Amino acid sequence: GDSVTQMEGPVTLSEEAFLTINCTYTATGYPSLFWYVQYPGEGLQLLLKATKADDKGSNKGFEATYRKETTSFHLEKGSVQVSDSAVYFCALITGGFKTIFGAGTRLFVKA
Amino acid sequence: SQTIHQWPATLVQPVGSPLSLECTVEGTSNPNLYWYRQAAGRGLQLLFYSVGIGQISSEVPQNLSASRPQDRQFILSSKKLLLSDSGFYLCAWSEGLASHEQYFGPGTRLTVT
């Protein structure tokens, strides 16, 4: 079945460091890919998305490129801030009504 | 604009007691609705989803049930809570098939004692 694999956390970085959170997927068909972010005690928010191969989603300084050849959708940010501390979820949907989520990666950013 | 509400925000219930969590969506019609559970430090587990009034799909057999009595209302229930039902419950909605992203509510923190 369809699945999403994310790098295990937690990831701890100093402010202004470069961030990469790896995400790979297995899916039949042509999925749409998403990154969601969850701040402490809150629900998830959509961070960015890409709906076809080679699309780049971007938002708030975060970017991810849909790589069909490597079945990956890695999240990157050039300079993280303390306020980026959160849990990040990679997800996919291949049609229908169900989204498949990864296990989440917790990010801690130190001042 | 669309908004999604969940209540209560937090709940402490004894084992064996009933449960009712409510979720409502405003500003859209005929949304797809979802209930997820998130155990401490873990990912999301899809519990139920609904594509229309009275239509409920269950993903995981368990102690919980869901109902959709109105187009924009989704209720999660249990007749007798178990300790293992503790967790963070999230409701979400999405629009048809054209826009696949999901929009999440603020969640309910349930502690079963």
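Each chain gets a letter, A, B and so on, in the order the sequences are listed, and its residues count up from 1. Note that the structure is a prediction, hence the values are computed from the model and not measured.
Note on ring orientation: taking the six-membered ring where Trp is involved, the planes of A:W35 and A:F73 are parallel (angle under 30°, cut-offs 30° and 60°).
Contact count versus chain B (heavy atoms, under 4.5 Å) is highest, among A:Q45, A:Q38, A:Q6, for A:Q38. Ranked by non-hydrogen atom pairs under 4.5 Å with chain A, the options B:Y49, B:F104, B:Y36 are led by B:F104.
Proximity to chain B involves both the backbone and the side chain of A:T99, based on heavy atoms less than 4.5 angstrom apart.
For A:T26, the side-chain contact (heavy atoms from CB on, under 4.5 Å) partners are A:S3, not counting sequence neighbours. Considering only residues two or more places apart in sequence or on other chains, B:T3 meets the side-chain contact (heavy atoms from CB on, under 4.5 Å) condition with B:H5, B:E26.
Exactly one residue among B:D71, B:I75, B:V25 makes a side-chain contact (heavy atoms from CB on, under 4.5 Å) with B:L33. That residue is B:V25.
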